[in-house]
Amino acid sequence: MTDKPEIKVAILDLYDGIANEGMRGFQDILKRYKAKHQLNLSYEIFDVRKKCEVPNHNHFDIYISSGGPGDPLETEGTEWEKKYFNLIDKLEDHNLSNNPQKKHVFFVCHSFQLMCRKYKLGDINLRRSPSFGVLPVHLTTAGESEPVFEGLADPFYSVDSRSWQVINPNEKRFVELGMQLLAIEKERPYVDLPRALMAIRFNEYFISTQFHPEADAEGMQVYLAKEDKKKEVVSEHGLDKYNEMLERLEDPDKIIHTQNTIIPNFLDQAVLSLQEV
């Protein structure tokens with residue numbers, strides 16, 4: 001009996017040292033996935049922004065790039081961002097080469113915005129007010145046939161937490177680069193504002209979401225129970241909205257289902273391609 005080949009995952013931490021639930025969410029998903037499929041899977045975390053840590057592009061099979069705080073425009077030219085985009089460029093070059101073992105990357109929230117800026121896919125701006133909660137995400141036609149979203153309803157629900165957004169997709173760039181817009185923000189007929197981009201497939205191996213597919217009910221409950229966060233949500237959205245968020249956390253068809261679907265589907269694709277080599 002031969003040993004199972006090792007699958008190595010790099011988690012790129014873009015939280016800049018800020019306490020968050022996202023990093024725990026990614027690790028929990030990887031641990032569950034490893035146990036369920038009995039894989040020889042390991043992961044390593046790199047503190048990209050705070051410590052300027054970036055993995056070697058040859059040492060890992062799968063990369064997950066996290067969300068994070070702040071303005072996705074103001075860090076252009078910083079040392080950590082140069083290293084980050086250098087890694088992405090190397091992963092792209094690797095995937096365009098004849099090497100059959102491709103590198104799969106999942107980008108979340110802040111990483112999504114950085115990549116949209118890199119590819120010039122739309123306008124990045126500050127929202128009138130932060131978006132926060134368990135909110136509906138609507139699939140596009142391309143999203144309906146996206147394997148990573150297989151098993152989700154339209155709309156499906158996920159945790160949305162952002163002050164910044166990407167709007168007004170540059171359709172010419174999408175066509176030129178062969179990219180697909182997979183999901184958009186909920187429709188707000190009472191507000192004359194463009195709907196934000198919520199998920200994009202950049203290429204066969206790179207996919208991204210503006211929302212947080214790693215978020216779970218446990219982490220959100222802890223987060224919303226904090227007095228300062230409750231005051232913030234109630235002040236911004238009202239007590240009814242706050243209570244609605246808590247109710248949605250308990251619904252098995254909402255973020256529990258999303259967390260058990262999107263990143264595991266992505267891992268299925270990545271692991272399958274690695275095993276086929």
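Applying side chain to side chain donor-acceptor pair (under 3.5 Å) to Ser273 and the options Gln101, Lys103, His104 leaves one that passes, His104. Just one residue in the list Tyr84, Tyr15, Phe60, Trp80 forms a ring pair (Phe, Tyr, Trp, His ring centres under 6.0 Å) with Phe46, and that residue is Phe60.
The closest side-chain donor-acceptor pair between Gln27 and Glu214, if any, does not fall under 3.5 angstrom. Using modelled atom types and a 3.5 Å distance limit, the side chains of Arg195 and Gln165 yield no donor-acceptor pair.
Contact of the Val271 side chain with the Gln275 side chain is registered, since non-hydrogen atoms from C-beta on lie closer than 4.5 Å. Residues Leu121 and Asn170 fail the side-chain proximity criterion, which asks for heavy atoms closer than 4.5 Å. A heavy-atom distance below 4.5 Å is found between the side chains of Leu30 and Val9.
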Would you please test Glu204 and Gln269 for side chain to side chain donor-acceptor pair (under 3.5 Å) and show each step?
CA-CA 10 Å; Glu204 189 177 351; Gln269 282 191 315; over 6 Å; no
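Ionic pairing of Arg49 and Glu79 is not present here: no N-O contact between side-chain nitrogen and carboxylate oxygen is shorter than 4.0 angstrom. The pair Asp61-Lys102 fails the salt-bridge criterion, with no side-chain N (NZ, NE, NH1 or NH2) lying under 4.0 Å from an Asp/Glu carboxylate O. Between Lys230 and Glu227 there is no salt bridge, since none of the side-chain N atoms of the basic residue sits less than 4.0 Å from a carboxylate O of the acidic one. Using a 4.0 Å cut-off between a side-chain N of Lys or Arg and a carboxylate O of Asp or Glu, Asp89 and Lys118 qualify as a salt bridge.
Proximity of a side-chain donor or acceptor of Asp16 to a complementary backbone N or O of Ile18 within less than 3.5 Å is not detected.
Placement of Tyr205 and Ile88 within a single hydrophobic cluster is found when ILVMFWY residues are connected by side-chain heavy-atom separations under 4.5 Å, directly or transitively. When the side chains of ILVMFWY residues are joined at heavy-atom separations under 4.5 Å, either directly or via intervening members, Leu114 and Val54 end up in a single hydrophobic cluster. The hydrophobic cluster containing Leu91 does not contain Leu274, counting ILVMFWY residues as joined when their side-chain heavy atoms lie under 4.5 angstrom apart, directly or transitively.
Heavy-atom contacts from other residues, nucleotides or ligands closer than 6.0 Å to CD of Glu144 number more than 12. Within a 6.0 Å sphere centred on CD of Glu6, heavy atoms belonging to other residues, nucleotides or ligands number more than 12. The environment of Glu244 atom CD is dense: over 12 non-hydrogen atoms of other residues, nucleotides or ligands sit within 6.0 angstrom.
Ring centroids of Phe211 and Phe156 are separated by less than 6.0 Å, placing the two rings close together. Taking the six-membered ring for Trp and the full ring otherwise, Phe266 and Phe106 have centroids separated by under 6.0 Å.
The ring pair (Phe, Tyr, Trp, His ring centres under 6.0 Å) search around Tyr33 returns His37, not counting sequence neighbours.
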